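Model, not experiment: these values are computed from the prediction. Because only heavy atoms are used, hydrogens play no part in the values below, and waters and symmetry mates are left out as well, while side chains stay in. Per chain, numbering begins at 1; letters A, B, ... match sequence-line order.
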Number of protein chains: 2
Amino acid sequence: MRLNPVSFPVPMPKILIVDDEEDIRELIAVNLMREEQYQLIEAADGLEALRRAKDERPDLVILDLMLPHMDGLTVYKKLRENALTAKIPVIMLTARGRLEEKIEGLELGADDYLSKPFSPRELMLRVRNLLRRSHENPSGNLVETGPFSLDKNALKLHLDGEGIDLTATEFKLLLSLIESPGITKERGDLLKKVWGYSDMIQTRTLDTHIKRLREKLGSHGSSIETVRGVGYRFSGE
Amino acid sequence: MRLNPVSFPVPMPKILIVDDEEDIRELIAVNLMREEQYQLIEAADGLEALRRAKDERPDLVILDLMLPHMDGLTVYKKLRENALTAKIPVIMLTARGRLEEKIEGLELGADDYLSKPFSPRELMLRVRNLLRRSHENPSGNLVETGPFSLDKNALKLHLDGEGIDLTATEFKLLLSLIESPGITKERGDLLKKVWGYSDMIQTRTLDTHIKRLREKLGSHGSSIETVRGVGYRFSGE
DNA sequence: TGACCCCGTTACGTTTTTGTCACCTCTGCC
DNA sequence: GGCAGAGGTGACAAAAACGTAACGGGGTCA
């Protein structure tokens, strides 16, 4: 059984396999490699997993929830907390039963899970699905507008030839604005998207961060326009 | 005297939910509406889905593949064949397992799919992603009449080649007038639509804002005509 | 542990927006 | 012409919205 070949923008996707049993890692690896080429890295426990994820930035993590020392769910949460690894899709492996419920409760953003025992084919599908999804954003991990170029991987902004470091919050905010230039984003929407605030909470946090962003944009600070009483708008120039 | 603020006139996306079980439709509806406002329409089987899609042109279709009478994939293909519905993005819902393979075989252009059970958050993300992609083309968000061009996305007015910034109130007022040129809008209607005033409150606020608008329109100020004793009328030129 | 960074909040100052008022002009009618 | 009602206009003050600097808590890292 052969699947249609899928072309990835990245030559060879890097996958991190986290499981304490070497047999299982091997099993997964063999099944994955049967139909596509991936670059595989492995970790046997949670701490190592976190380290390697941060160092090597895989495109996908396959995470067994049954781990020594550190619970898999904890690993998952820590991955999400770190800006560097927050967007890496994760496939969680669970024993059929109790854990499934816990996972259902999680907000599985770009993620997925699989109950053991799983069929090789199913694993393949999930892997390809997640990789497709995470790589399909328009121009890979770069958002470019005028002289601005936002690098989603490095959380960095390139502007006028120099790289500007942004914090995680600043990045999310700028991204929200820049991904649709010329469109006015309402305060409430920005608060929801960047901070997760649900209601029209009265807060000056947004203003403060806008100021910090404008500072970092330097002479281009005026690209972020204020629309009084409504929100902010990023003008392509 | 200040009354409740009037919500800003953003276009409300229309979503068609196709599922034979009312419970599921309800579940999806509730989850969708938790964070955004959408106009929802529903269909319980494939034929109805096709009919409503053609009649009402939703911005997005959420399609359960398990349907009575007509298979969901057939519905999907028929949607694609009809020029009127060919470009509407579709999110397909599948039971985890068999059907996933079939979908993988499809060329998912602007579409996506989700395996049940799915997390509400994930559904939200897909919906917003697809809507953003298809909705951002300025087609429906420009109101053009003569030399006037009101951009609902940017909340800006373009006139004689230059962009004119309007305040939120001015924008709403001008939009109310300009969206039906040549038609006289009564004072009471304008007060209700722009300010949310319910009764025929005696106020000169409307007059003042009309004046301010005319000023900003410069030489085109006379496009806003006074209809004595009734209200105002926007003449296309 | 201590230095540092990020971030949300607060307080205060400034700018913009907006509703109202007083006074004026215009129009239609007697 | 005189009158009344409707709308135009400029001024004004309150309120709202925003910019900004500074503070302190919490986390990170050496």
Let me know the distance between [atom1] of [X] and [atom2] of [N], rounded to the nearest Å.
X        : N      : atom1 : atom2 : result
B/Ile224 : D/dG8  : CD1   : P     : 10 Å
A/His209 : C/dC6  : NE2   : P     : 11 Å
B/Leu213 : C/dG19 : CG    : P     : 13 Å
B/Leu217 : D/dG8  : CG    : P     : 14 Å
B/Leu173 : C/dG19 : CG    : C1'   : 14 Å
B/Glu170 : D/dA17 : CD    : C1'   : 15 Å
B/Phe171 : C/dT16 : CZ    : P     : 21 Å

Expected string for nucleotides 18-30 of chain D under the B/S/- scheme (protein heavy atoms, under 4.0 Å, primed atoms plus P, OP1, OP2 as sugar-phosphate) is BBSSB--------
So, is [X] close to the [N] phosphate, meaning a side-chain N or O under 4.0 Å from OP1 or OP2?
X        : N      : value
B/Thr205 : C/dT18 : no
B/Thr203 : C/dG19 : no
B/Trp195 : C/dG19 : yes

Side chain to side chain contact (heavy atoms under 4.5 Å, CB included) against [X], all qualifying residues, sequence neighbours excluded:
X        : value
A/Thr205 : A/Trp195, A/Thr203, A/His209
A/Lys172 : A/Val194
B/Lys14  : B/Gln39, B/Ile41, B/Glu56, B/Asp59

Residues which pass side chain to side chain donor-acceptor pair (under 3.5 Å) with B/Thr226, listed by chain and number, not counting sequence neighbours | B/Arg214
Applying side chain to side chain donor-acceptor pair (under 3.5 Å) to A/Lys78 and not counting sequence neighbours gives none
Go through the structure and list residues passing salt bridge (charged side-chain N to carboxylate O under 4.0 Å, His left out) with B/Arg228, not counting sequence neighbours.
-> none
Partner set under salt bridge (charged side-chain N to carboxylate O under 4.0 Å, His left out) for B/Glu26, not counting sequence neighbours = none
List the steps, then state whether ring pair (Phe, Tyr, Trp, His ring centres under 6.0 Å) holds for A/Phe148 with A/His220.
-> CA-CA 9 Å; A/Phe148 298 85; A/His220 293 83; 5.6 Å; yes
Rounding to the nearest 10°, end axes of the helix from C/dT1-D/dA30 to C/dC30-D/dG1 built from five pairs each make an angle of 20°
Note: A/Lys216-A/Glu170 ion pair, threshold 4.0 Å (strictly below) | yes
Contact class for A/Thr167 vs. all strands (heavy atom < 4.0 Å): base, sugar-phosphate, or nothing?
-> sugar-phosphate
Nearest nucleotide by nearest heavy atom, which residue falls closer to the 5' end of DNA chain C, A/Lys216 or A/Tyr197?
-> A/Lys216
